[in-house]
2 protein chains.
Amino acid sequence: MVLGKRTDYGDAKYAGVQVPFTLDAPATVEAYGLCGFDFIVAPLVRDSWRPPAPTVPENGSLPSPFNRDDCLYINSSQWANQVVGLISDWIQTDSPDPGVRQQSVAALRHQLGWAAHLGLQAVVLPAPHRPGQCPNYAQVLNQTLQSLTHMAFWLTVPLVLPGTQPRVLHEPQQPQQAPEAEAVSQTIHGKQNGAAAGGAPSGPVMPGAMDGWEAWHQVRAQCDYHNLLGAALLVGPTLPSPASLDRWRGEPVKAILLPTSVFTTNKRGYPVLPKGHQDLLAASFNLGVQVVVTGEACHSVSSTANVIAVTAGGTAVAVGPDGEPLGFSITNPGESHPLRPYWEYLCFLFRRLEAVGEQERQETSYRDYLQVPLQPLQDNLESQTYETFEKDLRKYKLYEEAVYKALKDRHAAAAAMSPYDLPIASTSCSDGPSNHVVLMVVGAGRGPLVRASMRAAARAGARLRVYAVEKNPNAIVHIQQMLRSEGWEKDVIIVSADMRHWQAPEPADILVSELLGSFGDNELSPECLDGAQRFLAPGGISIPQSYTSFLAPATSHKLHHDVKSYKDLEHFETPYVVRLHRHHLLSPTKPLFTFSHPNNDAPIDNSRYGTVTFPRDPAVGAAVLHGFAGYFECTLYGDVLLSIHPPSHSENMFSWFPIFFPLREPVYVPAGAPVEVQMWRCCSPHKVWYEWAVTAPVAGPIHNVGGRSYWVGL
Amino acid sequence: MVLGKRTDYGDAKYAGVQVPFTLDAPATVEAYGLCGFDFIVAPLVRDSWRPPAPTVPENGSLPSPFNRDDCLYINSSQWANQVVGLISDWIQTDSPDPGVRQQSVAALRHQLGWAAHLGLQAVVLPAPHRPGQCPNYAQVLNQTLQSLTHMAFWLTVPLVLPGTQPRVLHEPQQPQQAPEAEAVSQTIHGKQNGAAAGGAPSGPVMPGAMDGWEAWHQVRAQCDYHNLLGAALLVGPTLPSPASLDRWRGEPVKAILLPTSVFTTNKRGYPVLPKGHQDLLAASFNLGVQVVVTGEACHSVSSTANVIAVTAGGTAVAVGPDGEPLGFSITNPGESHPLRPYWEYLCFLFRRLEAVGEQERQETSYRDYLQVPLQPLQDNLESQTYETFEKDLRKYKLYEEAVYKALKDRHAAAAAMSPYDLPIASTSCSDGPSNHVVLMVVGAGRGPLVRASMRAAARAGARLRVYAVEKNPNAIVHIQQMLRSEGWEKDVIIVSADMRHWQAPEPADILVSELLGSFGDNELSPECLDGAQRFLAPGGISIPQSYTSFLAPATSHKLHHDVKSYKDLEHFETPYVVRLHRHHLLSPTKPLFTFSHPNNDAPIDNSRYGTVTFPRDPAVGAAVLHGFAGYFECTLYGDVLLSIHPPSHSENMFSWFPIFFPLREPVYVPAGAPVEVQMWRCCSPHKVWYEWAVTAPVAGPIHNVGGRSYWVGL
């Protein structure tokens, strides 16, 4: 039974439960299904099972590794997707004892082979016995991964590891801060209620303990970031800081392993989670991560519910007077299961999450999906593409506001001036009244900026003469249609031409364009507007007036994997437009390049070079760098800001997703080590391109040399 | 409104109608929608529209090619998938007059550009004005295709072209036979009812007429078999022979253009189609091809229905006493539309088609889908794969029958023999009664052949000692489970070993295996059974006893395109397992290689070389060769045949789809020209592979030299 009906959290609505060894998987699935859980995590073999000793083959016949009574048996594939296998915890592939090592490797291979044979979707792998020192474990996993097509590995990763001196690949540049000591083992069954109410520690780990991320990173780096290898985060009673936890947003976390022992008890004896754990689960649900409850029930709950509340999902849940869930009234046998209150609490957390807005729901399918940026200068857009962008009401409202303010300012300035100072454009019209304002829309498309400008003029009480300049002859037909239906045929002149070659019959007072890309200048707005500013009267206004790009270093396993799937250099040297979702920014954004219009430089040089250094809080811990996220902020006019830069993002505007510059190889960034990136905007007569390179924590190759892989055509 | 609810015919349930020029696409779609049609084929511009003359740009501004009142205007993308564009018929890109040619090319480019801008799913292109002599037409189409991502071209192809001397790429080797003369032009509007009741002509075309396929082939060959280029077959009153029509099964036919003029009139005045046309439509529906009705209504139908019959789909249709549909009683305005009776007749034809069986429905998603053959010798199969194959009840029934007959024959032979002649196997068992028959299953998997053999023994009243030899240790667990639940633990000995290395403790009377691939020997059954026959007692029986592969030359645009999409040589040199659907066999199958077991040759040589010549009926016309379809027939024992060879295919058996050997370049095969292929089965110590080459009608390259692209590992 799903935790809730919402679909925007992907598989997070399915919760699992770890169960003891079972010979009868279907019956176990059904029993826990009544209790609420959608899948079980079950040991693949009895705990006492050991692999057959290697022997000399007798008559060519080898002993079979399993007997029917030793292993999880699934007769039909229909059960396979409700069972996740659990690999034996005694396996020590990196034991110093060669005998133990050999037996462990054989056992691991046998169990993985059995799980693959059964067609399971995933297996949970035990945490490395010697975290950070398990090269042999990674070797066996990596070799097995090569022969798999769909079964995923969920490596157990305790968020915080007990003990021993951590072995990190690079020494952190500043000492780690870690005020609280707390170790978590994977097999806690004791009751530890109410232990973790304190504030979050400021470091990822406690003194003497090791950051679980380091253990994870060693294994997955050895496995070359294989996409079937994910992490199952084992949560202890004390959590690392939110900043430290945020690193996992960019990692392939597949499950949260939630021991019953981390639950506290409310006044009525029901299991509940501390606030930090609640936040962790909410963030996990949001990323589509599934929760698996582990351990035995350690809360005994009376079965009498006092109050029945109906949740947002419409399901009746028994709650106490404080609004916390108590448990369903008993109507089926599963509801009396001792683990039922834990499942109900997960339901409660899942269902109380904020409903997402319509726009975010529409964007769900674009999350972390790579798109190559448009080249509107080279290619003509389809009608449907225009139509999609025209639906961004917020954007055109901002343009309308910018034109409105520009018209108002012009009017105020004109009123303050002596007649001798009147701008040329207002007086030079031979074919109309001199109070016309000449506004040119360059790149008019199907006409949305014409519409926004006409609306602004109506509000400002100004009369416009609009030139709608558009190079796509097909889009022109739509403008014709708009002029007719709005009665604007006398106010708007359609110019079917490329703005770079057109000769304007009169100078413009205001030049309006929407040529910005996700990184501001990446769709060649600077080059286009430099060409078009010859239309502008002295003192004329360009809308937009200026724009600035922003960068931040990012972790995104998903994007790295998707780029890598192309198996060529070209795709690693291409920036992508992406609705970033499962990602972590290693440091806040910083500004990069700014362009202003009109540009009075002589000569104009639109090439740029920038170095950006991103400091990092050592308390967050180490992280991996897969590339850089890019955004822009744009001043349309005066105080009218149009932005996709997270701190200032224009509300409900959806025309632009961020840009992502990938790196050929992921870079390990030690705790506290700053990231430094070099970025070039290069220009030649026929194309513009970016080159980029990481120079700290270690220097890497310059990407896209000479625009060999990606460029925007002029 | 769909023609019927069945989904197994893909898009064929949507019928279209060609309409006159319209300014208001949504209103037109709605009007014809009421009449029943799901999409319209509408001219993109007025017939009087001509492209603007090329002029010197004035101020850099060029005239827009369209005005709002000249062209099909669609304001929103929601209508785009209900409108197919129609390119002007006056366009003559290959006119000898340079002015006409230039204007035609400009007009074609403008209209294609407009259609792409509107985001239409397809445009219908006029038939070439000079069929077989339209290189310039193909050049413009091919250039435009390079910039398209989803809009399809439906090239109008009259099945039979009027007139002039055909220009074919190769002269046919035998004269074409064509008894009836009949020319069809694209714009017939006259009434020609009842004209086409005669027998099918024996040639694809009439004397002096040209085979429409040749005109199609010239254009698509120039366009390098581009996947967005398809054919819209224009049907005339007289059809080519069924054999000639069958060629189109392998071509990318997207639509049938059905002029109202080809309908005849039944006694009550309703439009109906002659038998041949009914068969053509049934075949088209089956391939998922859509029908478009063209021309004006030329049957006036009284609106009074006599009898209401309920069709299989559950919809009430007005029918006459003879069961033919008359038209709905008028309940909405669309139902009085003059084209309504044509749409109703299409419904009638669509709904009366045979319901497909459960098995064929399950196979729908595999149609024309390339799969690389399994390598069960190298790789261990997953449980789910075994499970799927075990569901093939027919196959195991045939095995049971073969074992049963072998046991019966053995019994009869033993009874007829003197005690001194008793086979060794029956007397050499030291650990059991001498009337045991020793049966070895080599490659037992999860045990289905053990089960079939035990059932056969029970029927034959024989006692078996079964050795189940299986190299996949995971599959063994399932056999253990079966033995326990069936109580066969004493009768069956499980051997976890590779049959090539195992030493059997006693000789076998019967050796049972299922190691066959889609091409018989391609999963190395010969090599495995040669290795296993050392287990067999003298005079022992191998089930299967022998198998033979069969080949036929095939047209399949879909498979050629899918292989080509990989953009490498390797995939063109790999045979695929495919549920062939949209394909045409240029000639009946012929046998290729045969293997028999046990094999008493010394030494055994499993390499093979064969030449096969496929004669072709010149009356069928020319065709294109994309590769070879392969099948096998297997004698399990005596008269028990297991076959996927179409003439003898075992009913309801689904374990094997055919195999397909692709060719790097499609080969044009002139009418009547035979096809000759060379095929080698090559063996080395560690692998087996095929090489193949076409040697007629023209010699082509040998594929997969030395097994460089594809091989099966030993």
Side-chain angles (χ1 to χ4, degrees), chain A residues 52 57-71 73-78 80 110 113-114 116-119 147 149 151 379-388 469-481 483-484 494-505, chain B residues 52 57-71 73-78 80 110 113-114 116-119 147 149 151 379-388 469-481 483-484 494-505:
Chain A
E58 189 186 326
N59 293 332
S61 175
L62 286 163
S64 177
F66 303 112
N67 283 310
R68 163 69 187 89
D69 293 342
D70 278 340
C71 62
Y73 178 74
I74 301 184
N75 59 327
S76 167
S77 57
Q78 65 173 298
H110 280 313
W114 180 241
H117 171 77
L118 294 177
S147 65
T149 55
M151 189 175 79
D379 307 328
N380 283 338
L381 301 183
E382 283 191 9
S383 186
Q384 192 169 343
T385 310
Y386 289 115
E387 189 178 336
T388 303
V469 185
E470 174 54 47
K471 73 172 168 50
N472 179 353
N474 297 312
I476 298 278
V477 179
H478 299 268
I479 306 183
Q480 290 171 348
Q481 169 70 10
L483 301 193
R484 175 181 301 185
I494 297 176
V495 181
S496 177
D498 187 316
M499 71 178 87
R500 289 170 295 183
H501 308 306
W502 180 54
Q503 303 292 331
Chain B
E58 189 186 326
N59 292 333
S61 175
L62 286 162
S64 177
F66 302 113
N67 283 310
R68 163 71 187 89
D69 292 342
D70 277 340
C71 62
Y73 177 77
I74 301 183
N75 59 327
S76 167
S77 57
Q78 67 172 298
H110 280 313
W114 180 239
H117 171 76
L118 293 177
S147 65
T149 53
M151 189 176 78
D379 307 328
N380 283 338
L381 300 184
E382 283 191 9
S383 185
Q384 192 169 345
T385 311
Y386 289 115
E387 189 178 338
T388 303
V469 186
E470 173 53 48
K471 71 170 169 52
N472 179 354
N474 298 311
I476 299 277
V477 179
H478 301 267
I479 307 182
Q480 291 172 345
Q481 169 71 7
L483 300 193
R484 172 182 304 187
I494 297 176
V495 181
S496 177
D498 188 316
M499 69 178 90
R500 292 170 293 183
H501 309 304
W502 181 54
Q503 303 291 333

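The sequence lines fix the lettering, A, B, ..., with proteins before strands; numbering per chain opens at 1.
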## Note on the structure
With chain B, the option among A:A504, A:P505, A:A497 that has the most non-hydrogen atom pairs under 4.5 Å is A:A497
### Query
Which answer fits B:R484, side chain, backbone, both or neither, if we ask what part of it has an atom under 4.5 Å from a heavy atom of chain A?
side chain
### Query
Any side-chain heavy-atom pair from A:V477 and B:H117 closer than 4.5 angstrom?
no
### Task
Return yes if some donor-acceptor pair links the side-chain N/O of B:Q384 with the main-chain N/O of A:G119 below 3.5 Å, else return no.
no
### Task
Find the distance between CG (A:N474) and CZ (B:F66) and round it off to the nearest 0.5 Å.
6.0 Å
### Task
Find out whether A:I74 and B:S383 are in side-chain contact, i.e. whether some heavy atom of one side chain is under 4.5 Å from a heavy atom of the other.
no
### Query
With chain A, which of B:H110, B:H478, B:E470 has the greatest number of heavy-atom pairs at distances under 4.5 Å?
B:H478
#### Entry: Residues which pass side chain to side chain donor-acceptor pair (under 3.5 Å) with B:S76, listed by chain and number, not counting sequence neighbours
A:E387
### Message
So, using salt bridge (Lys or Arg N to Asp or Glu O under 4.0 Å) as the criterion, who are the partners of A:D70 when residues are at least two apart?
### Response
none
### Summary
Under 4.5 Å to a heavy atom of chain A? For B:I494 that would be neither
### Spacing of A:N67 atom CG and B:Q481 atom CD [to the nearest 0.5 Å]
12.0 Å
